[in-house]
Amino acid sequence: MAAPTLDAAAKARLDLITENLAETLNPEIIEAVLAEGRNPRIYWGTATTGRPHTGYFVAAIKIAQLLAADCEVTVLLADIHAFLDNLKAPLELVENRAKYYSKVITAILESVGVSTEKLKFVLGSSYQKSPEYTMDVYKLSSLVSEHDAKKAGAEIVKQSANAPLSGLLYSILQVLDEEHLNVDAQLGGMDQRKLFAAAVEWLPKIGYRKRAHLVTPMVAGLSGGKMSSSVQDSKIDLLDAPEVIAKKIKKAEAAPKIVEENGVIAMVEFVLLPAAALRGEKKFTVERRDAEPLTYTDIAKLKEDYANDILTPQALKPAVTKALTELMAPITEAYNASKEWQEITAQAYPPPVVEKKVKKVKDKGSRHPGAQKGKELQQEVQTELAERPKEAAKEGEN
């Protein structure tokens, strides 16, 4: 498909749609929609498993930009996907976790001043159990090999030596969601790139058109590597208290002069600066004890100063703590003001049941005080029980 010619307004919308992305697959699809004068339909899906963390700001800020570009955005709360991913979320918890995710995502967008009126939430199970969808699952399952299904979901589905079939279905369902949600593009992280490539290949096999894919970069965790809900030290929960935020950032790995896989710098690049831009002024300020403050309006300068040791971890961490605490404050306030949200949280993430250990009765042996007396008493009882039948027999003879 040849790229269409766009007028200035459409070009500006395209720039906003693709801003800060790691990659755009088949961008000509989005360009064609804009050239028609239609609003692009885009969806972002999230499996409702672990509690959302600050890494979710990356997708949320991108969603905010898509809304600003007049895109029609759908958030898929993938409850069935959550169950299929190696049983990460039991069915009895999935419904409440989907409600929790809806509350959190709305609160994130509102914290950066974005209206959520045009945002649409869809529960996966609301259409993924329909006859039409189920038949498409059968069709695609007959055409996709085990090898290709595993490859597509390698970065997002928990892998194991003897994996359940549900893990193979996960990839097939996510590909079909593009058709059944009637979208032009899907938004997702770099860890889903293999699945996006599979969607481009698989959908035409059953007569459906391919879609564009907007790929967000992966954010380094506070402990290095990928930020993950299952790795406590790598992330900050969206409802963490200020003192918890401060403690986690203070402990974060941030070696001097090292920019790569630095979770503290990643927090500024992918969360704090974009959020500041959405709120009206793109800047990040670092206070210093014995020098003038450092103010950054782009991440390149911050990285340059950090690599040259002008900006030190000791100065950066408190600045990130302050900015992140301020950004998350509206989320905490919304949570504290909503009894419904608090009840949903308790039902979605109940505290783990700790089994009490049964205390074993110690055998003190025969040498402890009272042991001999206890033994003599036991013998007397046994003798008395043995004599009772004899006495009863004598009474019967009389």
Side-chain angles (χ1 to χ4, degrees), residues 25 43-52 59 74-101 122-183 186-211 213 215 218 226 228-231 348-350 352:
L25 305 178
Y43 101 87
W44 175 72
T46 178
T48 51
T49 52
R51 286 173 66 129
T74 296
V75 172
L76 171 63
L77 301 172
D79 53 342
I80 290 182
H81 287 78
F83 174 70
L84 290 177
D85 189 1
N86 216 359
L87 309 184
K88 280 184 181 177
L91 281 173
E92 58 270 21
L93 297 181
V94 161
E95 182 179 352
N96 284 307
R97 289 187 179 182
K99 293 176 183 177
Y100 180 87
Y101 271 62
V122 174
L123 196 62
S125 56
S126 68
Y127 68 91
Q128 289 168 346
K129 295 187 286 186
S130 69
E132 296 80 12
Y133 189 92
T134 303
M135 195 64 223
D136 278 347
V137 172
Y138 294 153
K139 287 178 182 177
L140 211 49
S141 297
S142 70
L143 298 172
V144 176
S145 69
E146 176 191 2
H147 172 270
D148 289 349
K150 278 186 176 179
K151 180 182 176 182
E155 300 294 326
I156 54 173
V157 180
K158 187 176 180 180
Q159 302 292 309
S160 58
N162 189 24
L165 288 175
S166 59
L168 301 179
L169 285 175
Y170 189 107
S171 300
I172 289 173
L173 263 64
Q174 186 164 341
V175 167
L176 289 173
D177 289 337
E178 295 183 357
E179 173 65 26
H180 287 264
L181 288 172
N182 190 29
V183 296
Q186 181 180 174
L187 170 69
M190 184 59 79
D191 56 343
Q192 300 187 66
R193 195 188 185 287
K194 290 180 181 178
L195 200 148
F196 293 160
V200 171
E201 179 186 349
W202 295 355
L203 283 179
K205 290 184 176 181
I206 55 174
Y208 297 139
R209 62 187 174 91
K210 66 182 181 180
R211 269 70 177 186
H213 295 90
V215 187
M218 298 305 297
K226 175 185 173 183
S228 171
S229 296
S230 59
V231 182
Y349 300 99

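- Scored by the salt bridge (Lys or Arg N to Asp or Glu O under 4.0 Å) test, E146 finds K150 as partners (sequence neighbours excluded).
- The side-chain hydrogen bond (donor to acceptor under 3.5 Å, both in side chains) search around Y349 returns none, not counting sequence neighbours.
- A distance of 9.0 Å separates CG in L76 from OG1 in T48, rounded to the nearest 0.5 Å.
- L187 approaches A59 most closely through the heavy-atom pair CD2-O, 4.3 Å.
- With sequence neighbours left out, S130 forms a side chain to side chain contact (heavy atoms under 4.5 Å, CB included) with E132, Y133.
- The nearest pair of heavy atoms linking S171 to A149 is OG-O, 3.3 Å.
- Nearest heavy atoms, A98 versus L77: O-CD1, 3.5 Å.
- The salt bridge (charged side-chain N to carboxylate O under 4.0 Å, His left out) contacts involving residues 165-179 comprise E179-R211, where partners must be two or more places apart or lie in separate chains.
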Pairs under 3.5 angstrom only: tabulate donor-acceptor contacts from the side chains of residues 195-208 to other protein residues two or more places apart or in another chain.
from	atom 1	to	atom 2	distance (Å)
Y208	OH	D136	OD1	3.4
Y208	OH	D136	OD2	2.8

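- A distance-only check finds no donor-acceptor pair linking the side chain of D79 to the backbone of V94 [under 3.5 Å].
- No side-chain heavy atom of N182 sits under 4.5 Å from any side-chain heavy atom of Y43.
- By the 4.5 Å heavy-atom criterion applied to side chains, S141 and L168 are not counted as neighbours.
- Between A47 and Y170, the shortest heavy-atom distance links the atoms CB-OH, 3.8 Å.
- Evaluation of the side chain to side chain contact (heavy atoms under 4.5 Å, CB included) rule for S145 yields H147, D148 as partners, not counting sequence neighbours.
- Between Q186 and Q192, some side-chain heavy-atom pair lies under the 4.5 Å cut-off.
- Atom-to-atom distance recorded for H180:NE2 and L173:CG is 9.5 Å, nearest 0.5 angstrom.
- A distance of 14.0 Å separates NZ in K139 from CD1 in I172, rounded to the nearest 0.5 Å.
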- prompt: Stepwise, does the side-chain contact (heavy atoms from CB on, under 4.5 Å) test hold for I80 with K129?
  reply: CA-CA 9 Å; I80 290 182; K129 295 187 286 186; 4.0 Å; yes
- request: Start with the C-alpha distance between R193 and L25, add both sets of side-chain angles, then the distance that settles side-chain contact (heavy atoms from CB on, under 4.5 Å), and finish with yes or no.
  value: CA-CA 9 Å; R193 195 188 185 287; L25 305 178; 3.5 Å; yes
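- Side-chain contact between H81 and Q128 is present, with heavy atoms from C-beta onward closer than 4.5 Å.
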